[in-house]
Amino acid sequence: MLKNIYVTPLNLLKSATSLQQQVRTTFVLKRKYDPPLHKTNEKPRQMRAKNFIYELVEDTLVKKRPNIEVVLKTFVEGVGDKGDVVSMKPNFVYNKLLLPGLAAYNTPENVAKYAKTEAEKSAVKHSSAYAQRTVNMLESIVLAVVMNKDEPWVLEPWHIKASLRKTGFHCREECITLPKERIEGPDMKKENKDFYCTVTINKLEQARLKCRLHHWSTDPSERLPYVLEHWKLQSEPLLDVGSPEKNT
């Protein structure tokens, strides 16, 4: 008897090596045809084939799950600042906030724990949750600044404002800072050359905007040939400056 006990293998740790994940697939159904009724204390009537036809009422696998409220532990671009209570979609909350440790579930204890202190409130680092995203978008483009080829001009902030409006960005002239060196034309030596200007967002964040100068004539015979996807081509700097910081 003891021999039989020792021969029997015990695979207690076998299940620990395999990954098992619970899958919740619940379907709510209803009968298309009601089953026949029977009287009390009588034998139930036999159901026919049509009584086993069901209609789908709800599929919980594709049911939209409600948003989850979390408390941010730190500033998250495009979401909010530390201590903010935000309501987001479950997949985004799990993958982008909870797993990286950027947020915690919305409870009174977590709200009090991650609330901003007086020192943190006075030291403002971000004007809004979307300001840094705007900075990243501005610094990722090459802005085409189209100037007149026939009439003399001097580059001013409103030229940059008009060029930004063509690309879908709206800003005030006082938010645009041009290079200290004066840029004027028309000058074909400056054609397709780059310079940098600074765009201030909410009086706090600053974006270095790369601009590329182009000349345009109202006379079709004097127009320069169109350059397809000019932002992908390499170009020379317009201003002879050693460091980019001096160009802003």
Side-chain angles (χ1 to χ4, degrees), residues 67 69-89 92-93 95-97 100-103 114-147 153-185 190 192-214 229-235 237-239 241-248:
N67 290 357
E69 290 189 351
V70 292
V71 184
L72 298 180
K73 297 180 182 180
T74 182
F75 174 79
V76 181
E77 179 184 335
V79 179
D81 205 351
K82 178 182 177 182
D84 292 347
V85 178
V86 295
S87 177
M88 311 291 292
K89 293 183 178 180
F92 181 85
V93 170
N95 298 325
K96 302 297 183 180
L97 299 179
L102 302 178
Y114 298 110
K116 275 188 174 183
T117 61
E118 295 298 331
E120 290 175 337
K121 291 180 181 179
S122 59
V124 180
K125 296 182 180 180
H126 305 279
S127 58
S128 70
Y130 301 95
Q132 187 59 39
R133 181 179 295 181
T134 306
V135 171
N136 297 339
M137 293 180 64
L138 287 173
E139 293 183 346
S140 65
I141 66 173
V142 179
L143 183 66
V145 181
V146 182
M147 305 300 293
W153 50 264
V154 177
L155 187 67
E156 298 180 4
W158 69 268
H159 292 111
I160 306 298
K161 175 185 176 181
S163 300
L164 283 172
R165 188 169 63 247
K166 294 180 182 178
T167 59
F169 294 95
H170 297 266
C171 68
R172 300 178 180 178
E173 294 184 26
E174 54 267 23
C175 300
I176 302 172
T177 305
L178 296 178
K180 296 181 180 179
E181 187 174 343
R182 183 186 177 97
I183 301 176
E184 56 186 355
K190 301 177 181 179
N192 208 26
K193 291 189 177 181
D194 297 341
F195 65 94
Y196 285 87
C197 63
T198 303
V199 178
T200 305
I201 302 170
N202 298 334
K203 299 181 180 181
L204 186 61
E205 289 88 356
Q206 291 186 341
R208 293 185 69 249
L209 179 62
K210 185 177 183 180
C211 305
R212 186 164 295 177
L213 196 62
H214 297 282
E229 297 182 346
H230 68 88
W231 56 88
K232 294 183 178 180
L233 305 177
Q234 293 184 355
S235 63
L238 177 61
L239 304 177
V241 180
S243 60
E245 289 77 9
K246 295 181 181 180
N247 207 16
T248 59

Next on the checklist: Using side chain to side chain contact (heavy atoms under 4.5 Å, CB included), reason through R172 and K161 one step at a time and then give a plain yes or no.
Outcome noted: CA-CA 7 Å; R172 300 178 180 178; K161 175 185 176 181; 5.9 Å; no
Next on the checklist: Let's go through V135 and V199 carefully: what are the C-alpha distance in whole Å and the side-chain angles of both, what is the deciding distance for side chain to side chain contact (heavy atoms under 4.5 Å, CB included) to 0.1 Å, and is it a yes or a no?
Outcome noted: CA-CA 9 Å; V135 171; V199 178; over 6 Å; no
Next on the checklist: Would V93 and M88 count as a side chain to side chain contact (heavy atoms under 4.5 Å, CB included) here? Give the steps.
Outcome noted: CA-CA 6 Å; V93 170; M88 311 291 292; 3.5 Å; yes
Next on the checklist: What verdict does the side chain to side chain contact (heavy atoms under 4.5 Å, CB included) test give for F169 and L143, after you've listed the backbone C-alpha separation in whole Å, the side-chain angles of each residue and the deciding distance to 0.1 Å?
Outcome noted: CA-CA 11 Å; F169 294 95; L143 183 66; over 6 Å; no
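Counting only heavy atoms from C-beta outward, the side chains of I141 and W231 never approach each other to under 4.5 Å. In this structure, Q206 and T200 have side chains that are in contact, with non-hydrogen atoms separated by less than 4.5 Å. Side-chain contact between L238 and K190 is present, with at least one heavy-atom pair separated by less than 4.5 Å. Here the side chains of I183 and L178 are not in contact, with every heavy-atom distance at 4.5 Å or above.
Of all heavy-atom pairs between V145 and F195, the closest is CG2-CZ, 4.3 Å. Closest approach of E139 and A207 over heavy atoms only: OE2-CA, 3.6 Å.
If you take SG on C171 and CD1 on I176, they are separated by 3.5 Å, rounding to the nearest 0.5 Å. One finds the CG atom of L204 at 8.5 Å from the NE2 atom of H126 (value rounded to the nearest 0.5 Å). Here the OG1-CG distance, from T198 to L138, works out to 11.0 Å after rounding to the nearest 0.5 Å. Atom CG of residue L155 and atom SG of residue C197 lie 8.0 Å apart, to the nearest 0.5 angstrom. To the nearest 0.5 Å, atoms CE (M147) and OG (S163) are separated by 8.0 Å. For the atom pair OG (S128) and CD (E205), the distance works out to 6.5 Å, reported to the nearest 0.5 Å.
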Validation: residues 71-87 side-chain donor-acceptor distances under 3.5 Å, sequence neighbours left out:
| residue | atom | partner | partner atom | Å |
| --- | --- | --- | --- | --- |
| E77 | OE2 | N136 | ND2 | 3.2 |
| D81 | OD2 | K116 | NZ | 2.6 |
| K82 | NZ | E120 | OE1 | 3.4 |
| K82 | NZ | E120 | OE2 | 3.0 |
| D84 | OD2 | D81 | N | 2.8 |

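Side-chain contact check for D194 and S235: at least one donor-acceptor pair (N or O, by modelled atom type) lies under 3.5 Å.
For K193, the NZ atom counts as densely surrounded, since its 6.0 Å shell holds more than 12 non-hydrogen atoms of other residues, nucleotides or ligands.
Annotation: side-chain hydrogen bond (donor to acceptor under 3.5 Å, both in side chains) contacts of K232 (sequence neighbours excluded): E229. Legend: residues meeting ring pair (Phe, Tyr, Trp, His ring centres under 6.0 Å) with H159, ordered by chain and number and at least two apart, are absent.
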